[in-house]
S.K.: 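Dropping a structure here in structure tokens format, bear with me for questions.
As the structure is a prediction and not an experimental result, all values here were calculated from the model. We number each residue from 1, following the sequence as shown. Read the numbers this way: they start at 1 and go in the same order the structure lists the ligands and their atoms.
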Amino acid sequence: MAYKISERTLAEIDRLLKIYPQKEAVLIPALHEMQKEAGWIPEEAMDALGARLNIPYARVKGVVTFYTMFNRLPMGRFHLQVCRNISCHFAGAAGMLRHLEDKLNIKEGETTEDGLFTLSAVECLGSCGTAPVIAVNETYHENMTVEKTDRLLAELRAENNSD
Ligand code: FES
């Protein structure tokens, strides 16, 4: 079945097209809007967006594949993104990533069976001064430690249970 872009996203794409007449310039912000819908971007969605912007599917897919912020698989409710670049690496990010893998019983790139957590190692999050950094969806958690990751997981579980 063909992917149906939501009315909200279509309206946002139209708004962006008025600001940026070049369709290529709209591609990345439009992909962000589409990702907000389901937390990831299926192949059919790339196809639908390409048709809407008159940009070849291969070009859309190339952009989605290039940027790690775009998800090509369904995500857990909380996407834990552990920065692995140099500042975070020297501040202990690798140990935190291993700790999270153990605690969640998944490997980097996987989602817990309950669909609650997806764990990723990502490139620099642009907050090197507060390394190590873990982003949970759009929110940064800075100056992290193993102990703080345990508290963070507990808080996220509590948040999920309260909904
Ligand atoms: S290296 Fe981790 S935020 Fe820059």
S.K.: Determine whether a donor-acceptor pair (N or O, by modelled atom type, separation under 3.5 Å) exists between the side chain of Thr118 and the backbone of Gly76.
M.R.: yes
S.K.: May I have the step-by-step check of side-chain contact (heavy atoms from CB on, under 4.5 Å) for Thr65 and Phe70, ending in yes or no?
M.R.: CA-CA 7 Å; Thr65 306; Phe70 295 126; over 6 Å; no
S.K.: Under 4.0 Å between a Lys/Arg side-chain N and an Asp/Glu carboxylate O for Glu33 and Lys36?
M.R.: yes
S.K.: Which of the atoms of ligand 1 are close to Leu125, meaning less than 4.0 Å from one of its heavy atoms?
M.R.: 3 (S)
S.K.: Applying side-chain contact (heavy atoms from CB on, under 4.5 Å), run through Leu152 and Met144 and close with a yes or a no.
M.R.: CA-CA 10 Å; Leu152 177 61; Met144 291 301 285; 4.0 Å; yes
S.K.: Counting only heavy atoms, which portion of Cys88 has something under 4.0 Å from ligand 1: side chain, backbone, both, or neither?
M.R.: both
S.K.: Yes or no on ring-ring contact (aromatic ring centres under 6.0 Å, His included) for Phe117 and His79, after CA distance, side-chain angles and deciding distance?
M.R.: CA-CA 6 Å; Phe117 298 106; His79 185 194; over 10 Å; no
S.K.: Which atoms of ligand 1 have any heavy atom of Ser87 under 4.0 Å away?
M.R.: 1 (S)
S.K.: Which ligand 1 atoms are under 4.0 Å away from a heavy-atom of Gly126?
M.R.: 3 (S)
S.K.: In sequence, state the C-alpha distance, the side-chain angles, and the governing distance for Ser6 and Glu37, and then conclude on side-chain hydrogen bond (donor to acceptor under 3.5 Å, both in side chains).
M.R.: CA-CA 8 Å; Ser6 76; Glu37 291 181 8; 2.7 Å; yes
S.K.: From Cys124, does some N, O or S atom reach closer than 2.8 Å to atom 4 (Fe) of ligand 1?
M.R.: yes
S.K.: Please find out if atom 2 (Fe) of ligand 1 and some N, O or S atom of Cys83 are separated by less than 2.8 Å.
M.R.: yes
S.K.: For atom 4 (Fe) of ligand 1, decide whether Cys128 has an N, O or S atom at a distance under 2.8 Å.
M.R.: yes
